[in-house]
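All values below come from the heavy atoms of this structure, side chains included, with hydrogens, waters and symmetry mates left out. Labels below follow one simple rule: chain letters A, B, ... track the order of the sequence lines, proteins then strands, and each chain is numbered from 1. This one's a predicted model, so the numbers in the text were calculated from it and none came from an experiment.
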Protein chains: 2
Amino acid sequence: MNPTAQSRALPEIVVDSGMSKTLHHGLLILRVLSEHPQGLTVTDVAERIGVHRTVAHRLVRTLEAHQLCRRDQQRRIVLGTGLVTLAEPVEQDLRALARPVLDELAEATRATAHLLVREGTQDMRALMVVEPRGALVHVSFRPGQTHSIQQGSGGLALLAGGPPRSGERPEVTEARAKGYAVTMGEVIPAVIGVSAAVPSHRGEATTSIGVSVFEPAGLDALGGTVVEAAKRLGNLLG
Amino acid sequence: MNPTAQSRALPEIVVDSGMSKTLHHGLLILRVLSEHPQGLTVTDVAERIGVHRTVAHRLVRTLEAHQLCRRDQQRRIVLGTGLVTLAEPVEQDLRALARPVLDELAEATRATAHLLVREGTQDMRALMVVEPRGALVHVSFRPGQTHSIQQGSGGLALLAGGPPRSGERPEVTEARAKGYAVTMGEVIPAVIGVSAAVPSHRGEATTSIGVSVFEPAGLDALGGTVVEAAKRLGNLLG
DNA sequence: CACTGCTCGTGCGATTATCGCACAGAGGTC
DNA sequence: GACCTCTGTGCGATAATCGCACGAGCAGTG
């Protein structure tokens with residue numbers, strides 16, 4: 001895509017005053033490493049985050065001490081298992097309650113079920129993905145993925161929970177009427193998403209639950225099942 | 001346990017020269033937050049990591065910008081969903097290959113199956129935990145947990161893979177003979193662990209696979225099943 | 001209402017941690 | 001051997017950080 005696919009930087013986070021530059025660089029290293037699971041050298045890391053090599057070296061050492069990265073057999077830097085310890089408590093209540101609901105949804109629909117949460121004002125992030133047991137073909141869709149709230153059934157389902165806005169996508173209006181949102185190929189090519197907002201009795205909904213399928217058949221029945229799962233999870237959340 | 005259970009600090013990581021103090025503090029904040037899922041105030045955070053309140057404030061802001069923490073409804077600081085994105089690629093190959101093996105092991109034994117990896121030289125960390133479908137009673141055991149390599153069946157299974165050492169625990173010697181290790185109540189009270197080292201054709205084994213059960217009946221058959229699963233995973237890893 | 005006690009957030013100067021140069025060791029390749 | 005790349009380490013100049021002091025918000029209490 002890019003002229004030099006190697007030089008793709010990742011600004012996206014503005015270094016406001018009132019932010020720690022050093023910590024920012026350290027966290028950038030984690031992001032860079034997460035985008036390069038095969039591992040990177042210190043020089044690579046330094047180039048990608050735009051600091052001197054010795055600076056990257058010290059930051060990597062600090063991350064290593066916290067077990068957030070390590071060296072593989074070829075001494076390349078990869079993410080460390082300390083991250084799974086840190087990530088485990090994240091939204092632990094929501095995930096614990098959602099698991100049985102997602103399990104049942106995946107089993108009932110024989111499709112990949114997912115739980116998305118709003119991140120900031122513009123994005124959605126996949127928090128959980130449950131694949132049906134023994135499905136011959138399944139949608140591969142990793143937790144942690146983010147996409148715009150304007151795309152994908154999960155985002156539209158949340159938008160449909162808000163007040164109608166002029167200029168909103170017609171799919172949002174339709175979702176508001178039906179109670180669930182349907183999109184095709186917006187997050188994953190050729191994959192159809194069917195999602196509903198998880199009702200929240202305190203404030204705006206920030207969570208959606210849904211499924212991903214290949215076949216556009218029986219979407220109404222699927223929508224009903226998804227809406228029911230969303231209601232069930234909403235009740236569990238109290 | 002402690003006189004003041006609140007004031008328990010967490011040094012454990014020595015601030016070597018050649019480490020970034022600022023990044024170290026930022027990472028300490030993540031650790032502190034992971035131990036307090038209910039959320040903390042800025043003042044709390046500052047006290048626990050031993051920095052001035054304004055310093056903690058700036059670090060928290062930086063973490064927020066990276067979506068590694070956020071404020072809940074009461075403006076308390078909790079971990080953010082960016083962590084699941086960072087943690088997802090960790091040991092992704094190992095986890096992808098281990099999942100079907102763990103699924104089958106949990107199903108065959110009707111017990112909680114787990115995958116542990118060595119962390120440093122002294123500790124083991126749980127990387128995956130799979131609970132059997134529809135089990136009425138299951139061992140609750142979260143990924144990310146760490147414990148000494150000297151305790152628990154997973155650690156002993158790895159020690160049994162090494163050369164015999166004088167003074168090693170008799171369980172290790174026994175595990176070396178049998179091919180699998182058994183411990184009782186060392187990691188989780190009243191829970192029996194049965195683990196085997198995942199064979200690695202390059203270097204020492206660093207991974208164990210095992211199950212957690214309540215009943216001490218049929219441990220030999222269980223051990224055989226676990227060893228078979230470990231061999232299967234070892235073959236998958238090439 | 002006033003007072004207390006807690007929290008949060010922000011300029012801004014002194015200090016200190018960081019930055020990055022220069023050097024040296026370790027492999028690997030030609 | 002010559003060459004290249006990556007790695008790791010002191011150490012001085014510099015710039016980022018630290019932490020004081022200040023003001024605001026909010027809840028409880030007399």
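Aromatic ring centroids of B:His24 and A:His66 lie under 6.0 Å apart.
When rounded to the nearest whole Å, the span between CD of A:Gln74 and C1' of D:dC6 equals 14 Å. The separation between B:His24 atom NE2 and C:dT18 atom P is 11 Å, rounded to whole Å. Protein atom NZ of A:Lys21 is 14 Å distant from nucleotide atom P of D:dC18, rounded to whole Å. As rounded to whole Å, 13 Å separates atom P of C:dA17 from atom CE of B:Met19. Distance A:Arg53 CZ to D:dT7 P: 8 Å, rounded to the nearest Å. When rounded to the nearest whole Å, the span between NE2 of B:His25 and P of C:dT16 equals 15 Å. A straight line from NE2 of A:His52 to C1' of C:dG20 spans 4 Å, rounded to a whole angstrom. Between the CD atom of A:Glu47 and the C1' atom of D:dT5 there is a distance of 12 Å, given to the nearest Å.
The residues B:Arg176 and B:Glu168 are annotated as salt-bridged, a charged nitrogen and a carboxylate oxygen being separated by less than 4.0 angstrom. Look at A:Glu64 and A:Arg71 and you find a salt bridge, because one of the NZ, NE, NH1 or NH2 atoms lies within 4.0 Å of a carboxylate O, short of that distance. Classification of A:Arg70 and B:Glu91 as a salt-bridged pair holds, one side-chain N sitting under 4.0 Å from a carboxylate O. Salt bridge annotation for A:Glu186-A:Arg169: present, with a cationic side-chain nitrogen under 4.0 angstrom from a carboxylate oxygen.
Contact record, A:Thr81 with B:Val90: CA-CG1, 3.8 Å, taken as the closest heavy-atom pair.
A heavy atom lying under 4.0 Å from DNA chain C marks the following residues of residues 54-71 of chain A, by number: A:Thr54, A:Val55, A:Arg58.
Side-chain contact between A:Met128 and A:Arg99: present, with at least one pair of heavy atoms (C-beta onward) separated by less than 4.5 Å.
Contact annotation: B:Thr22 side-chain N/O to D:dA16 OP1/OP2 distance is not under 4.0 Å. Here B:Ser20 does not reach the OP1 or OP2 of C:dA17: none of its side-chain N or O atoms lies under 4.0 Å away.
For A:Val42, counting side-chain heavy atoms from C-beta on, the closest listed nucleotide (D:dC18, D:dT7, C:dC19) is D:dT7.
Comparing A:Arg76 and A:Leu23, the nucleotide of DNA chain D nearest to each residue sits closer to the 5' end for A:Arg76.
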